[in-house]
Number of protein chains: 2
Amino acid sequence: MHHPDPSTLLREKSLRVTRPRIAVLNALADHPHADVDSVARAARLELGSVSTQAVYDVLRALAEAGLVRRIEPAGSPARFEVRVGDNHHHIVCRTCGDIADVACAVGEAPCLDASENHGFVIDEAEVTYWGTCPECATT
Amino acid sequence: MHHPDPSTLLREKSLRVTRPRIAVLNALADHPHADVDSVARAARLELGSVSTQAVYDVLRALAEAGLVRRIEPAGSPARFEVRVGDNHHHIVCRTCGDIADVACAVGEAPCLDASENHGFVIDEAEVTYWGTCPECATT
DNA sequence: ACACTCTCTTGAATCATTCCAGAAAAGGTG
DNA sequence: CACCTTTTCTGGAATGATTCAAGAGAGTGT
């Protein structure tokens, strides 16, 4: 399930290849939209042990390099995903916080134009759909 | 400054009319997109003193009643605005965190349709434009 | 293998927000 | 207007997510 080799990805961005970084990339490949805690748990399964701070550091480094994307839906701790570069959007369940991907029709950022920009230079339009997921809808 | 009378707004929602609530509504009318701390400071100018917890409680009560809207841009503490009910969107400066309103072309939520909904029932599409504000662009 | 630099570990601090129990105040009623 | 019920406000403490700091440890190019 880890198609693009984590080590290769890291080298392409001139980042050092370390076991925690590989474990975090693998964790995110298996668990899209995972929060820091879930990533840390998954990484620990692979490594035995990693400090929580290392996971935070790794995630920040990967996000800065553009290898992962940090998403922060209102009311939820930060979540991360490896799917980058396609400017897709998210749909969040108001009840359980579950997140699903929604492809962007345009594909490139910014995919929407603002009617008034107030002099701002806009580089991205982030869309978050809010609703109820199938499971929470039935209960 | 405070166009619709705060007391009237509160009564319309069957909320008790208290001095902290009026002060918070006035503060938000004067400072759109203010965070809790700014609201508390503004409210203290009007009242002399209010506990921070009262401000949190008031903001939650007002948000639940639909009198104010809570917005939470990634990386920023929660901010509040007197709700207009027009489903407008926001443009956030990546550098200074400043927020401006952007009218929604459609007006009613959800103003966008998701291409795939994964079985979710969508009730709102929240759009956040990211960019650089005029001041930060020049510096 | 060596040296240089970046990354990881441990431990503590910070910020925003929430929880709790009791005191005070708002609104309806007689 | 005084009373009573319910809701709200106060003060203090707790929680959760995230960040800071200093030193030990590991990756990379020569």
Side-chain angles (χ1 to χ4, degrees), chain A residues 5-27 33-44 46-65 67-68 70-80 97 99, chain B residues 5-27 33-44 46-65 67-68 70-80 97 99:
Chain A
D5 181 43
S7 316
T8 312
L9 287 173
L10 288 168
R11 289 218 177 76
E12 279 171 4
K13 297 287 183 180
S14 348
L15 290 176
R16 294 198 174 170
V17 181
T18 67
R19 291 170 47 61
R21 288 183 175 175
I22 294 174
V24 164
L25 281 172
N26 284 338
H33 313 127
D35 58 23
V36 177
D37 213 57
S38 310
V39 173
R41 267 201 307 278
R44 284 184 187 118
E46 188 171 328
L47 297 177
S49 81
V50 220
S51 69
T52 306
Q53 286 66 19
V55 176
Y56 272 99
D57 287 349
V58 167
L59 286 169
R60 172 147 31 85
L62 297 181
E64 276 166 11
L67 286 178
V68 309
R70 177 191 186 119
I71 56 182
E72 242 174 288
S76 158
R79 289 156 176 270
F80 297 83
I99 300 182
Chain B
D5 181 42
S7 317
T8 312
L9 287 173
L10 289 168
R11 288 217 177 76
E12 280 170 3
K13 296 288 181 178
S14 349
L15 289 175
R16 294 200 173 170
V17 180
T18 67
R19 291 170 45 60
R21 289 183 175 175
I22 293 173
V24 164
L25 281 172
N26 284 339
H33 313 128
D35 58 23
V36 177
D37 213 57
S38 310
V39 174
R41 267 201 308 278
R44 283 183 187 118
E46 188 171 328
L47 296 177
S49 82
V50 220
S51 69
T52 307
Q53 287 67 19
V55 176
Y56 272 99
D57 286 350
V58 167
L59 286 170
R60 172 146 32 85
L62 297 181
E64 276 167 10
L67 287 178
V68 309
R70 178 191 186 120
I71 57 184
E72 243 174 285
S76 159
R79 288 156 176 272
F80 296 83
I99 301 181

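Just so it is clear, the structure is predicted and the values come from calculations on it, not from any experiment. Chain identifiers are assigned alphabetically (A, B, ...) following the order of the sequence lines, protein sequences preceding nucleic acid strands; residue numbering begins at 1 within each chain.
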For [X] and [N], what is the distance between atoms [atom1] and [atom2] respectively, to the nearest whole Å?
{"X": "B:Ile22", "N": "D:dT8", "atom1": "CD1", "atom2": "P", "result": "14 Å"}
{"X": "B:Leu15", "N": "D:dT7", "atom1": "CG", "atom2": "P", "result": "12 Å"}
{"X": "A:Asp57", "N": "D:dA22", "atom1": "CG", "atom2": "P", "result": "15 Å"}
{"X": "A:Arg60", "N": "D:dT18", "atom1": "CZ", "atom2": "C1'", "result": "9 Å"}
{"X": "A:Gln53", "N": "D:dT18", "atom1": "CD", "atom2": "P", "result": "12 Å"}
{"X": "A:Asp37", "N": "D:dA17", "atom1": "CG", "atom2": "C1'", "result": "10 Å"}
{"X": "A:Arg19", "N": "D:dT28", "atom1": "CZ", "atom2": "C1'", "result": "18 Å"}

*A:Thr52 vs D:dT18: side-chain N/O to OP1/OP2 distance below 4.0 Å*: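 No, A:Thr52 has no side-chain N/O under 4.0 Å of OP1/OP2 on D:dT18.
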
*Which angle, rounded to 10°, do you find between the first-five-pair axis and the last-five-pair axis of the helix from C:dA1-D:dT30 to C:dG30-D:dC1?*
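The helix from C:dA1-D:dT30 to C:dG30-D:dC1 shows an end-to-end axis angle of 40°.
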
*Side-chain touch A:Leu15/A:Leu67, heavy atoms, less than 4.5 angstrom*: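 Heavy-atom side-chain distance check passes, below 4.5 Å.
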
*With a 4.0 Å cut-off, would you call A:Arg44 and A:Glu46 a salt bridge?*
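No.
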
*Could you tell me whether the side chain of B:Arg16 has a donor or acceptor atom within less than 3.5 Å of a complementary atom in the base of D:dT6?*
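Answer is yes: a donor-acceptor pair is held.
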
*What is the 5' to 3' range of DNA chain C, first to last nucleotide, that sits under 4.0 Å from any heavy atom of chain B?*
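Terminal contacting nucleotides, 5' to 3': C:dA16 to C:dG27.
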
*Which part of the nucleic acid, if any, lies within contact of A:Arg70, taking any heavy atom under 4.0 Å across all strands shown: a base, the sugar-phosphate backbone alone, or nothing?*
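Result for A:Arg70 = sugar-phosphate.
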
